[in-house]
**Q** 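So that we are looking at the same thing, I have put the structure below in structure tokens.
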Amino acid sequence: MRILVLGSGAREHALVTALLAEDAGHEIVAAPGNAGIAADVEVIGLDITDGAPIADYARDHAVDLVVIGPEAPLVAGVADAVRKAGIPVFGPNRAAAALEGSKTFAKRIMDAASVPTGRAVRATTLAQVQAALDDLGAPHVVKADGLAAGKGVIVTEDRDAALAHAEHYLQQGELLVEEFLAGPEVSLFFLADGHDVLPLSPAQDYKRARDGDAGPNTGGMGAYSPLPWLDADFGSEAAFVDEVRRTIALPTVRALEAEGTPFTGLLYCGLVLTPNGIRVIEFNARFGDPETQVVLPRLVTPLSGLLLAAATGGLAGLPDPEFSPESAVVVVLASEGYPENPVTGRELTLPESLPAGVSIAHAATARVDDRLLATGGRVLGVVARADGFAAARAAAYTTLEDIHLDGGHYRRDIAERVS
Ligand code: AMP
Ligand code: GLY
């Protein structure tokens, strides 16, 4: 298959790696990619938020499938343009991507589908925010409606901090004040073809910058998969996945279909396992990063067939994707100052060779002459796969010691308490 992958992060590097691992002779092109992706496949310079030139490229080069990695092109309507040109595309149209792009739209769909989620109040004035904070109590959760590069959500005991956050984001429009949901978080991805869904294997993400879940929220500092502790609460991973499929993923996809905005692509269910049951904390309209780096290496079923089936309405009747029982861990190396003010442009050095089961997913890297540079906040993820979490952790952390980036930092406690 000729496959065009859009994006430049570790998620896209993980997608490319999984497609190459099929060994099926795919011709893969990525736009714009990064230094890691460029070492593996052809990369081209395309503005990935501009649909028409992407559709033209795909048609002119007989691309069989376009895979859209990040949310920005989805919200910009790139899938609409490619789909209109008659080319299979993995990624929802703009209207369905509002599931991620607008938190108030997501809440409305969840209501329509009777999907369990936290109580939330919409607010357009500070007075409404104040009333909602009092009504819902502390800890306070305030969310900007639109995409805010991970900065739109505040979770705090401090009412003044919640109000200051609200005041800032009210200038951009509506807000949600939400009930605080306590419990472990799980990311569970579903492939969706507009009508049916197929689950991938669950993962857990570490959102805070520092060990022990201290520091500010980030895009994600590490992840692991599978989640062996689900067995204690749900009997098995399969039972958990089935419940989420039945009560959350399928009703959501059906509600979007009923609204005339079918969802084709990756439905990311961000869940909290509260004492009162599973609740949706957020939906995303694309693969999660860094969770994808630990989910895809465990996928046994060829990824390209799954993505194409989703893109062409062909999931019905397919068996659930198969996963290896191996443990996978990813630890993210971030630039100094991430997430507040990452220092970029510093040289990065990587080991000549990697231990068995270890790979590096490049996130923000570029090659300039013969130097490798860190060009953003999250620079790369060290991914390790092994029999058991102790071995996977050890392999990831040993590899990190051989990677050099001045001021670079990473969490030391990824998957620490999992066995
Ligand atoms: P979001 O952008 O909605 O994913 O929120 C970012 C992070 O904030 C989530 O991964 C949670 O860790 C936290 N968060 C969001 N909403 C809530 C909530 N209602 N209760 C507790 N934590 C939340
Ligand atoms: N790791 C969280 C996300 O991809 O949104």
Side-chain angles (χ1 to χ4, degrees), residues 7 9-12 14-15 69-72 74-75 97 99-107 110 115-121 132-133 135-157 161-162 165 169 175-189 200 202-209 213-225 265-276 278-296 330-332 334 339 361 363 377-378 381 411 414:
R11 164 187 42 224
E12 289 74 28
L15 285 162
E71 60 276 19
L74 297 170
V75 170
L99 203 59
E100 171 165 2
S102 164
K103 294 200 187 279
T104 53
F105 176 80
K107 280 286 181 198
M110 282 190 263
V115 163
T117 183
R119 211 149 64 85
V121 178
L133 292 176
D135 180 30
L136 294 167
H140 302 295
V141 182
V142 178
K143 299 185 172 184
D145 183 52
L147 292 182
K151 293 188 178 148
V153 177
I154 190 171
V155 180
T156 177
E157 293 280 347
H165 184 84
Y169 281 101
L175 291 180
L176 280 184
V177 182
E178 199 170 278
E179 168 191 7
F180 177 78
L181 298 168
E185 288 186 41
V186 174
S187 303
L188 181 55
F189 304 158
L200 301 184
Q204 190 168 53
D205 178 21
Y206 289 71
K207 289 241 162 65
R208 301 282 185 150
D213 292 331
N217 253 323
T218 71
M221 294 298 289
Y224 65 93
S225 176
L266 199 285
L267 176 64
Y268 168 131
C269 300
L271 309 166
V272 182
L273 313 188
T274 78
N276 301 319
I278 305 170
R279 299 282 183 274
V280 175
I281 211 158
E282 64 163 343
F283 283 129
N284 292 315
R286 37 95 195 152
F287 281 97
D289 191 349
E291 296 96 313
T292 300
Q293 285 96 278
V294 287
V295 171
L296 292 186
V330 59
V331 181
V332 173
R378 292 190 294 174
R411 281 182 63 158
I414 305 302

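Side-chain atoms are counted along with the backbone in the values below, which use heavy atoms only and exclude waters and symmetry mates. When a ligand or atom number is given, it counts from 1 through the structure's own listing order. Residue numbers count from 1 along this sequence.
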**Q** For ligand 2, which is the ligand I care about here, please tell me if Glu282 has any N or O atom under 3.5 Å from one of the ligand's N or O atoms.
**A**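 No: no nitrogen or oxygen of Glu282 is under 3.5 Å from one in ligand 2.
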**Q** For ligand 2, is there an atom lying under 4.0 Å from some heavy atom of Ser187?
**A**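 Under 4.0 Å: no for Ser187.
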**Q** I want to confirm something. Looking only at heavy atoms, which of Glu178, Glu185, Lys143 is nearest to atom 9 (C) of ligand 1?
**A**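 Answer by nearest heavy atom: Glu185.
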**Q** Looking at Lys207 and Glu185, does any basic side-chain N land under 4.0 Å from a carboxylate oxygen?
**A**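 A salt bridge is present here (some side-chain N lies under 4.0 Å from a carboxylate O).
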**Q** What I'd like to find out is whether the side chain of Glu178 reaches to under 4.5 Å of the side chain of Lys103, using heavy atoms alone.
**A**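 No, every pair of side-chain atoms sits at 4.5 Å or beyond.
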**Q** With rounding to the nearest 0.5 Å, note down the distance linking CG in Leu99 to CG in Leu74.
**A**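 Going from the CG atom of Leu99 to the CG atom of Leu74 covers 11.5 Å.
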**Q** Using a 4.0 Å cut-off to any heavy atom of Asn284, which atoms of ligand 2 qualify?
**A**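 Close to Asn284: 5 (O).
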**Q** Any N or O of Asp205 that comes nearer than 3.5 Å to an N or O of ligand 2?
**A**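 So ligand 2 has an N or O lying under 3.5 Å from an N or O of Asp205.
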**Q** I need the minimum non-hydrogen distance between Arg279 and Thr274, along with the two atoms involved.
**A**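 Scanning both residues, the minimum pair turns out to be CG-CG2, 3.7 Å.
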**Q** Is there a donor-acceptor pair closer than 3.5 Å between any side-chain N or O of Asp145 and the backbone N or O of Thr104?
**A**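 Yes; judged by distance alone, with no hydrogens or angles, the pair exists.
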**Q** Please could you name the atoms of ligand 1 that Val153 approaches to less than 4.0 Å, counting only its heavy atoms?
**A**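 Selected atoms, number and element: 1 (P), 2 (O), 3 (O), 5 (O), 8 (O), 15 (C).
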**Q** Nearest 0.5 Å, what's the CG-CZ distance between Asp135 and Arg119?
**A**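 Answer rounded to 0.5 Å: 5.0 Å.
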**Q** Could you list which atoms of ligand 2 come closer than 4.0 Å to a heavy atom of Gly288?
**A**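 Within the 4.0 Å cut-off of Gly288, ligand 2 contributes 4 (O).
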**Q** Return the minimal non-hydrogen interatomic distance between Ala203 and Val295, and the atom names on each side.
**A**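 Nearest heavy atoms, Ala203 then Val295: CB-CG2, 3.9 Å.
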**Q** So, regarding Gly219 and ligand 2 (criterion: nitrogen or oxygen to nitrogen or oxygen, under 3.5 Å), is there a contact or not?
**A**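 Looking only at distances, the answer is yes, because the N/O contact criterion of under 3.5 Å is met.
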**Q** Students often mix this up, so state it plainly: with edges at 30° and 60°, are the rings of Phe287 and Phe189 parallel, tilted or perpendicular?
**A**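 Answer is perpendicular, since the angle exceeds 60°.
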**Q** Please verify whether a non-hydrogen atom of Tyr268 lies at under 4.0 Å from ligand 2.
**A**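 Right, Tyr268 reaches ligand 2.
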**Q** Which atom names give the shortest non-hydrogen contact between Ala10 and Asp289, and what distance separates them?
**A**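 Heavy-atom minimum between the residues: N-OD2, 3.9 Å.
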**Q** Go through ligand 1 atom by atom and flag the ones less than 4.0 Å from a non-hydrogen atom of Phe180.
**A**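 Within the 4.0 Å cut-off of Phe180, ligand 1 contributes 20 (N), 21 (C).
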**Q** Looking at ligand 1, does any of its N/O atoms fall within less than 3.5 Å of an N/O of Leu181?
**A**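 Yes - when backbone and side-chain N and O of Leu181 are compared with those of ligand 1, one distance drops under 3.5 Å.
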**Q** Salt bridge (charged side-chain N to carboxylate O under 4.0 Å, His left out) between Lys143 and Glu282: does it pass, once the steps are laid out?
**A** CA-CA 11 Å; Lys143 299 185 172 184; Glu282 64 163 343; over 6 Å; no
**Q** Taking non-hydrogen atoms only, is Arg286 closer than 4.0 angstrom to ligand 2 via side chain, backbone, both or neither?
**A**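 The side chain, only.
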**Q** Would you mind running through ligand 1 and noting each atom that sits below 4.0 Å from a heavy atom of Glu282?
**A**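 Close to Glu282: 1 (P), 2 (O), 3 (O), 4 (O).
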**Q** Applying a 4.0 Å heavy-atom criterion (strictly less than), which segment of Glu179 is in contact with ligand 1: side chain, backbone, both, or neither?
**A**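 The backbone, only.
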**Q** Does ligand 1 have an atom that lies less than 4.0 angstrom from a heavy atom of Lys103?
**A**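 Judged by the 4.0 Å heavy-atom criterion, Lys103 does count as contacting ligand 1.
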